[in-house]
Amino acid sequence: MAAAASTVRRPSLVGVGTVVWLSSEIMFFAGLFAAYFTLRAKDADWPPADVELATGRTALATAVLVASSFTMHLAVRAAEADQRPRLVRWLVVTMALGAVFLTNQAFEYAELSFSISSHAYGSMFYLLTGFHGLHVLGGLGFMGAVIAIVAGRSSRAPAGSTVAVCSYYWHFVDVVWVAMFATVYLLR
Amino acid sequence: MALTPTTNRGPLELPSGARPTATPLGVFARPRASRGWRSWVTTVDHKKIGVMYGVAAMFFFIVGGVEALLIRLQLATPNGKLLSADLYNQVYTMHGTTMVFLVVMPIGSAFMNYLIPLQIGARDVAFPRLNAFGLWVFVAGGVMLNSSWLFGHAPDGGWFMYAPNSSIHFSPTNGIDFWNMGLILTGLASLTGAINLIVTCLNLRAPGMSLMKMPVFTWMSLVTQFLLLFAIPVLTSAQFLLMFDRLFGARFFDVDAGADPLLWEHLFWIFGHPEVYIMILPAFGVVSEIIPVFSRKPIFGYPFMVFSGIAIGFMGWGVWAHHMFASGIGPLSVAAFSVSTMFIAVPTGVKILNWLATMWGGKLRFTTPMLFAIGLVTMFTIGGLSGVTHAVAPADTQQTDTYYIVAHFHYVLFGGALMGFIGGFYFWWPKVFGYQLNDRIGKLNFWVILIGFNLTFGPMHILGMQGMPRRIYTYRDGYGFNFWNFVSTIGAFIIALAVVMFFANIVVSRRRARAAAKVLAADPWDGRSLEGMVPSPTPEHNFDEVPVITQFDDFWHRKYGEDDKGRPVRIAATADVVQTGDATDVHLPSPSYWPLVLAAGLPIVGYGLIYNLWLCLVGGLFVIAAIYGLTMEPSVDDEAPPAATTTGPRSATPARATPPPSPSGPTRRLRSLDRHHLHLHQHSGRRARAGARGDGGGRREPRARHQHRHLQREAGHVGVPGLGVPAVRWAHLHLPALQGEQPGWRPAPAGALRHPLHLHQLVRAADELAHHGAGGGGHRAGDSAKPGPGCSPPPPSAASSSPARCTSSRPS
Ligand code: HEM
Ligand SMILES: [Cu+2]
């Protein structure tokens, strides 16, 4: 009878915690999206006439970001196989793609003819994309830290679960962007 | 002779005896104090954190209470002169905000932090340092919000801060910015708490405790945490809109810019209605624990209790616009929200009926906690009924913004939530502090509160129906408002008296308990849930051995069986069922300064956003340094003095005496590996020793195998996301090597020891071992391990299993 209770299996704390946290992040962005749609519904000229978004170029940037999800996945695979150099390589590639995305965003911000105080659309545009950009930036920092602390040469700890958690976050950021791109650039 | 493993030396200590001295960032030495204020500010113990939530909340309760008394003094007579209109606006805004965010919510957190691990049979929460961070960032937020008084002007837009009234145009001082920053911080606290407690409930339950065996309090808390998880971010996003409007020139609520102020109302109440359940559900949980104990019956309709809580949790998202009936949202929306609001009264009614049915035919004992619980049931019912009258939209358009509303929400918040919580204080006080609050004073306390409460808020129904608007700083003579306002003010001071009585009761009871100097029983109320199993006050490690759960109210059923008429009969003496508080071989996560530092950095960022962006840089550096420190610090301090093994008074930090001889061979290595992880659970040593002594009966288990399982168990239990897990996994992969006495293990090179993380040494040591031993290598991390013979472990990815894998089997 003794062994009866000993087969409980539960997933890792950090993994569960990350998923729980990201589900609340969804609600944060949901709040922002709700604001976007509420204002869009109220305003007859949405987006206002002075809004010229670089949709084509941003579509490219979107493709880059989506691609980075795949490279991230390769990093996870490398981590699972405990192939450190490959892991670091894929993480660096992912970071680079993320950086390309951010660069595009910076260019766009520099070019746009409206500001956060021009109109409600401007406020909404910058806040939505800005918060997403901050999340991308945070992801870059996260990956950098993973490389430096866990996956890098100074450590021999297996990086599997750390990288896995990092990838959850990164995929989340990507998915949010796809929704945001569709909303702000395509649907308008 | 037991081989007591008393060594607590650094596992990777050099043979020369040199100590690794590095501290993360070289700023702080690892805190060691187990008593005094230092042990409180650095603690990661869920119980101390719970107590501090309670203390902070009671402090803010006094602040908010004084504000309430100011309001009532101002309104006691017509043409009050105490407060100016401007000051009045600040006072009621701060009163409401304080009571909601700094009193009721954190008292809930206090109970949940303290009780959830105890009720599910865990040694701590899932992420103890995150928990400490949550507490401190809550305190930071509360202090930041209240510091607005000192910086010239408190927020003045009412607790729901409607746009565009909250714009700089109408409220040009910085008050509302403080409101924004403060509540973003307390929101962060709620969020980390939610993540932590949800994972705790999901992952750390004792073996056998399925979800449907969890106590009702834990269930209601879990629902609350999910509500927080999803509701708080919505408020935060709304607050960011407001913040950008006010500080950075955005125009979210500016009609001229094509925006819509109603946007704020929607976002706020999408948060706001779940928020009311966030405030009330923990109190419902509390009384669901109290009533069965003092009725000597199990809770009536446990599944109904659980599912009505869950139903409330879902339906709470679909009723927000009942706060907006008067704002022109259109007849269709009004009708829809009116109906949905009436429906949500159903699961709430189910709860009330269940409590009544639990009491029905029970052997009632009217102790103080029971009185407060009954107080909640009755007062909340009154508040709930007036709430249903708001659901009828045409009625609500008459009631809204009158004192009728004020009456309603005080009946549910004060008569509901707070009443339940005070009952909870009386109920769990012995468990937390080791002495009982005086029952006679307590009963008197109850009646004074009940009378004061009804005198204060009952007349507000009448005032509201007479048409007295809320949020007016005075009224003229001759409207017929004078009499009831005066009564209400008298009532408010009676409540104040009751609050003083409560504190006096603490002082008196404490003094008497000291004088009597007798140890309180573990289970003073003859309770039903697991917290009754541990001594009072709860020892630092909670459970000596994690109990195995076979049914709902397991603790009760260990004490009582049933006779053929279904009446409870004693089957075991309580003293035989409860634990003694023996902490042998328990390892707990070590205290840390970093959560406090991290929380201290955030308000600096907040002040920076308001006053000078350069300050943000300073605060940001704080935050980054703290995050670095947190990540790099092993969650278990290698060099901490031995944990106290009894609950009795301990000597202050023991001097570093001559190190006892360290165990050799694989034992030492094993310990070095698993010491890096949270030992929330009982170490295997005791069992192994028992086996060695030959008194363990059939429970004997070879030590190495035991350690092996122990490590698997621990794999998920790390405070630092990602950092500790791999090490354990890794170690796990090589455990076959560790099981045998492998020669050729060499200590890590000296240089490595100075790295703060200790992970390198750890891994390297195990690495070397593996190479010399089982010829490791080629294992896939995260893949299933290759365990040694005789072991059938789950793969490490699923390894964070129940806390009591080792101590689980009860002899049968
Ligand atoms: C000590 C007993 C209390 C008294 C005498 C009291 C009195 C009042 C009064 C007179 C108002 C109306 C202010 C106005 O509309 O002009 C008010 C508002 C409010 N009270 Fe209390 N209160 C007490 C306790 C509490 C508690 C325990 C809570 C919450 C759990 C609470 C939550 C609120 C809220 C949310 C508001 C609305 C503030 C606003 O309009 O923005 N109060 N209180
Ligand atoms: Cu509501």
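Lettering of chains follows the sequences in order, A, B, ..., and the numbering in each one begins at 1.
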* Asked: Under 6.0 Å from the OH atom of A/Y109, do we count more than 12 heavy atoms belonging to anything else shown?
  -> yes
* To do: Below 4.5 Å from any heavy atom of chain B, which atoms of A/A35 appear? Answer side chain, backbone, both or neither.
  => both
* To do: Tell me, for B/D260 versus chain A, whether the close heavy atoms (under 4.5 Å) come from the side chain, the backbone, both or neither.
  => both
* At their closest point, which heavy atom of A/S12 faces which heavy atom of B/N203, and how far apart are they? -> C-ND2, 3.9 Å
* Structure fact -> For B/G249 and A/S117 the tightest heavy-atom approach is O-CB, 2.7 Å
* To do: Look at B/F248, B/F240, B/W264 and state which one has the largest set of heavy-atom pairs under 4.5 Å with chain A.
  => B/F240
* To do: First locate atom OG1 of A/T38, then atom CG of B/L267, and finally report the distance between them rounded to the nearest 0.5 Å.
  => 6.5 Å
* For A/G31 and B/S237, work out which heavy atoms get closest and say how close. => CA-OG, 3.6 Å
* Asked: Between B/L191 and chain A, which part of the residue has a heavy atom less than 4.5 Å away: side chain, backbone, both or neither?
  -> side chain
* Which one, A/S23, A/S123, A/S115, leads in non-hydrogen pairs under 4.5 Å with chain B? -> A/S123
* Asked: Does A/F70 CZ have over 12 foreign heavy atoms under 6.0 Å away?
  -> no
* Please say whether more than 12 non-hydrogen atoms of neighbouring residues, nucleotides or ligands are located less than 6.0 Å from CD in A/E111. => yes
* **Part of A/F29 within contact of chain B (heavy atom distance under 4.5 Å)** => neither
* **Contact summary for A/S24 and B/P233, nearest pair of heavy atoms** => O-CG, 3.3 Å
* Check against side-chain contact (heavy atoms from CB on, under 4.5 Å), B/F127 and A/V14 -> CA-CA 9 Å; B/F127 308 109; A/V14 180; 4.3 Å; yes
* Does the pair B/L204 and A/L13 meet the rule for a side-chain contact (heavy atoms from CB on, under 4.5 Å), with working shown? -> CA-CA 9 Å; B/L204 297 186; A/L13 292 185; 4.3 Å; yes
* What distance do B/T192 atom OG1 and A/W21 atom CH2 have between them, rounded to the nearest 0.5 Å? -> 12.5 Å
* Asked: Can you tell me how far CE of A/M27 sits from OG1 of B/T236, rounded to the nearest 0.5 angstrom?
  -> 11.0 Å
* Asked: Does A/Y126 have its ring centroid less than 6.0 Å away from the ring centroid of B/F244?
  -> no
* To do: Pick one of side chain, backbone, both or neither for A/L127, based on which atoms fall under 4.5 Å of a heavy atom in chain B.
  => side chain
* Can you tell which of B/T200, B/N196, B/L241 has the highest number of heavy-atom pairs within less than 4.5 Å of chain A? -> B/L241
